[in-house]
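Below is one structure, written out as structure tokens, with a few remarks after it.
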There are 4 protein chains.
Amino acid sequence: MNKVILIGRLTRDPELRYTPANSVPVATFTLAVDRPFLNQKGEREADFIRIVVWRKLAENCANNLKKGRQVAVSGRLQVRSYDTPEGQRRSVTEVVADEVKFLDRPKTSAEPEFDSIDVNMDFDSGNDDIGGNEVPF
Amino acid sequence: MNKVILIGRLTRDPELRYTPANSVPVATFTLAVDRPFLNQKGEREADFIRIVVWRKLAENCANNLKKGRQVAVSGRLQVRSYDTPEGQRRSVTEVVADEVKFLDRPKTSAEPEFDSIDVNMDFDSGNDDIGGNEVPF
Amino acid sequence: MNKVILIGRLTRDPELRYTPANSVPVATFTLAVDRPFLNQKGEREADFIRIVVWRKLAENCANNLKKGRQVAVSGRLQVRSYDTPEGQRRSVTEVVADEVKFLDRPKTSAEPEFDSIDVNMDFDSGNDDIGGNEVPF
Amino acid sequence: MNKVILIGRLTRDPELRYTPANSVPVATFTLAVDRPFLNQKGEREADFIRIVVWRKLAENCANNLKKGRQVAVSGRLQVRSYDTPEGQRRSVTEVVADEVKFLDRPKTSAEPEFDSIDVNMDFDSGNDDIGGNEVPF
DNA sequence: TTTT
DNA sequence: TTTT
């Protein structure tokens, strides 16, 4: 069992790519998730957590999410290991999401009126076959 | 909101340390969490996820857990950034657990009969004040 | 282990009470949580889930939440059994929340400008000793 | 968003049925989930939570689970309302599980050696189309 | 109705 | 009894 549930805001617009072999859509973005307590200087800190989404959900996220937007994400925690060009073993930890719920629009946005996304719709919740990490990206 | 729930097995015995300043107990261990699907070669893979526990829970884990033991863990996902001696920015991702449920004893263990831990007891579940990461360790 | 995480909207304003013996604050409200699929008539349905919060979190919820407001809740699932005056055994299922995150303000609200609640603050996240259900209420 | 994760023991063997219209397999069982604290008399109590599983996962549970067996379950919380023959509105709360992880074998079992289920295998985790509650049962 |  |  491996479950992660996060609520946070995108630090940048999502990046959408396609796997070289099968052209499967993959989107990635980073969430800033507020810590539940203040640090020693009395400041609120955040964890910056990398999110990966596949297929239709990737396209939905790429089309509808922007820097600053708040989302709830659920998925599983994945640790991928790889070797650097310098021959060092390194690892990336990320959340492979199977559900992304859009929670608000960014406050600072100057979004056009004709952008009529339902801000609380669920996209593609969990019925899609989310592959593994077939390719490095 | 930041929730992680994992079930997996310890890859090694836990390590117990104390913060230099206040001697607060901290234990760390790595969980092997099976992936829910097979890889392209038809093999089962696992994610290796670093777990951190504080205070009384740290001592309970250090005293009672061993390599191979199955546990359920719940906590929050934390990303700590630091600089290497070579001046590179690097980050560690880990789960700060506030609940660890002991699920079995390792099959291969030759544990003595007089070790009478209740295999399903909860330790210290969530009522302890789990600090932040005040110190590097 | 017993974890529940929900995002939904309050169907009514919260109700705040106090336990007769110790005057401990308890608030209750119901969340409408959208189902992830449509029913056979193509309509979206919701589950109506009773939430219970204790102590400081109860007071925060009573003071700041209103019908229609969206929240994220985390806690544990509890089933309380009781006997009806007619001598029948009945049970209530509810989520005892230890974290409530306020996600928006209701769209239709005519709230005064001087109401300056931070809409995404966390209240009292989990460090409070949440009692059992010492009293019926 | 609607997530529930539980670890508990079956109070009885699962019951397997089929929907009248389409003969879709549905299994139900109740989990006893220990509370994280003792009651006022110093006793450990449990919540008794009804679990529903559909299709292949239903058959796997019916075939492999027995009273007393420990499992981890993940799914969503569902509240179904219905009218009693006496015309009263009543509701059932249950967890519709999309993942069931088998955690041990019952200690007291006299199971034959040739029953070679892998006690930690995952069954049918989440890639199955879990229907709604098309039929009362 | 309840599990260990 | 039900929210958007």
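Since we're looking at a predicted model, the values are computed, not measured. So you know, we letter chains A, B, ... as the sequences are listed, proteins then strands, and number each from 1.
- Going from atom CG of D:Asp47 over to atom P of E:dT3 covers 15 Å, rounded to whole Å.
- Every residue two or more places apart in sequence or in another chain was checked for a side chain to side chain donor-acceptor pair (under 3.5 Å) with C:Arg12, and none qualifies.
- Rounded to whole Å, atom P of F:dT2 lies 20 Å from atom CD of C:Glu94.
- Spacing between atom CZ of C:Arg69 and atom C1' of F:dT4 amounts to 14 Å, rounded to whole angstrom units.
- Remark: C1' of E:dT1 and CD of D:Glu15 are 12 Å apart, rounded to the nearest angstrom.
- Taking atom CZ on D:Arg12 and atom C1' on E:dT1, their separation rounds to 7 Å, with Å as the unit.
- Going from atom CG of C:Leu38 over to atom P of F:dT4 covers 19 Å, rounded to whole Å.
- Partners of D:Asn39 under the side chain to side chain donor-acceptor pair (under 3.5 Å) rule, at least two apart in sequence or in another chain, are D:Glu43.
- D:Leu10 has its CG atom 16 Å from the P atom of E:dT2, to the nearest Å.
- You'll find that the side chain of D:Thr30 is closest to E:dT2, out of E:dT4, F:dT3, E:dT2.
- The residue C:Arg89 sits close only to the backbone: its heavy atoms come under 4.0 Å of sugar-phosphate atoms, none of a base.
- The CZ-C1' distance, from D:Phe29 to E:dT4, rounds to 16 Å in whole Å.
- Comparing F:dT1, E:dT2, F:dT3 by their nearest atom to the side chain of D:Phe48 picks out E:dT2.
- Here the nucleotide nearest the side chain of C:Lys67, chosen from F:dT3, E:dT4, F:dT1, is F:dT3.
- Ion pairing between C:Lys3 and C:Asp98 fails under the 4.0 Å rule for side-chain N and carboxylate O.
- Residues A:Lys101 and D:Met1 come closest through the heavy atom pair CD-N, 3.9 Å.
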